[in-house]
Amino acid sequence: MTDRPLRIATWNVNSLRVRLAHLLRWLAERSPDAVCLQETKLTDEQFPVAEIAAAGYRSVYSGQKTYNGVAILLREERCGPEEDIVRELPGLEDPQRRLLALTVEGTRIVCGYFPNGQSVDSEKYQYKLRWLAALSAWLQGELARHPRLALLGDYNIAPADEDVHDPALWKDQVLCSVPEREAFARLLGAGLEDAFRLFPQPERSYTWWDYRNLAFRRKMGLRIDHILLTHALARSCTGCTIDVGMRRLEQPSDHAPVVAELALPS
DNA sequence: ATGGCATGACAATCATGA
């Protein structure tokens, strides 16, 4: 049996307009097959379809002005046609563009830009919990229909203390609060596995570092960007890494990409 | 110290991020 590995990835680019050169360089270096992007901050009319096509990728996107915006890039050489595109989270009245899903190569790819929540006593935190509830409800049906499903994105949740540079400082704060971690645990309970934790990893592995206070150099980060896989996909996963190098570039995104390799039977 | 830095809309500051 010949396996054709499928490399899937997620990256919060914090403005695709500003980060396009970084993205094109990273696509050439890593040649991921399916890339979930968050915080594109572009309307659909503004999406750089031509530049990304020149790099060998099709673009599917759901954007808005100024904030949010998600996209999935598919490598032409590896990916057949995409199907069953969903551009917003069903079951939630929400103008914010934070969810995009499609099926390609027999695999359901779900890209999410989970709400930040701002602080646990804010209205935005309540919105975050509502969004998480709607995601779980919608995923039930998706998981029933798609044994091979991957949920990739900026979750804005650090699932455990080992994902936090200073757990005492962040205890019960937004991104680390108990209700948020319970929502993450519900996703695992629904049949998903954290691809990053399937393998031994370096200590202090994070995906986001504040722009301020030299946080990256001081390893003051959080692991909030994740790739969750159904059990069927987890069995085929041969590795999951964080491309920390992208955070070292000039004018970087504050997030680094996460990449998982799947040895899918063809 | 409610800031530090970055982005976008807008035209001097303000909303948002995490």
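Proteins come first, then strands; the chains are lettered A, B, ... in the order of their sequence lines, and each starts at number 1. Excluded from the calculations below are hydrogen atoms, water molecules and symmetry mates; all remaining heavy atoms, backbone and side chain alike, are included.
- Across the protein-nucleic acid pair, A:Tyr127 atom OH and B:dA15 atom C1' stand 15 Å apart, rounded to whole Å.
- Put simply, A:Thr66 has no side-chain N or O that comes within less than 4.0 Å of OP1 or OP2 on B:dA15.
- A:Tyr61 meets the ring pair (Phe, Tyr, Trp, His ring centres under 6.0 Å) test with A:Phe47; sequence neighbours excluded.
- Applying the side chain to side chain contact (heavy atoms under 4.5 Å, CB included) test to A:Lys219 and every residue at least two apart in sequence or in another chain returns A:Arg204.
- If you take atom P in B:dT16 and the same atom in B:dA1, they sit 25 Å apart, rounded to whole Å.
- Look at CZ on A:Arg218: it is 14 Å from C1' on B:dC5, rounded to the nearest Å.
- By the ring pair (Phe, Tyr, Trp, His ring centres under 6.0 Å) test, A:Tyr67 is found to be paired with no residue, residues two or more places apart in sequence or in another chain being considered.
- Stacking of A:Arg98 on the aromatic ring of A:Tyr113 is recorded, both the 6.0 Å distance cut-off and the 45° axial limit being met.
- Counting to the nearest Å, the P atom of B:dC5 and the CG atom of A:Asn213 are 8 Å from each other.
- Under 4.0 angstrom from either OP1 or OP2 of B:dT7 there lies no side-chain N or O belonging to A:Arg17.
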Give me, pair by pair, the N or O atoms of the protein and of nucleotides 16-18 of chain B that are less than 3.5 Å apart, along with how far apart they are.
unit_1, atom_1, unit_2, atom_2, d
B:dT16, OP2, A:Lys124, NZ, 3.1
B:dT16, O5', A:Lys124, NZ, 3.3
B:dA18, OP1, A:Asn12, ND2, 3.4
B:dA18, OP1, A:Glu39, OE1, 3.0
B:dA18, OP1, A:Asp154, OD2, 3.3
B:dA18, OP1, A:His255, NE2, 3.3
B:dA18, OP2, A:Tyr113, OH, 3.0
B:dA18, OP2, A:Asn156, OD1, 3.4
B:dA18, OP2, A:Asn156, ND2, 2.9
B:dA18, O5', A:Asn116, ND2, 3.4
B:dA18, O5', A:Asn156, OD1, 3.3
B:dA18, N9, A:Asn116, ND2, 3.2
B:dA18, N7, A:Asn116, OD1, 3.2
B:dA18, N7, A:Asn116, ND2, 3.2

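- One interatomic measurement links the two molecules: NE2 of A:His22 to C1' of B:dA6, which rounds to 13 Å at whole-angstrom precision.
- Among residues two or more places apart in sequence or in another chain, the side chain to side chain contact (heavy atoms under 4.5 Å, CB included) test is passed with A:Val18 by A:Ser15, A:Gln251.
- Scored by the ring pair (Phe, Tyr, Trp, His ring centres under 6.0 Å) test, A:Phe196 finds no partners at all (sequence neighbours excluded).
- Comparing B:dT2 with B:dA18, their C1' atoms are spaced 14 Å from each other, to the whole Å.
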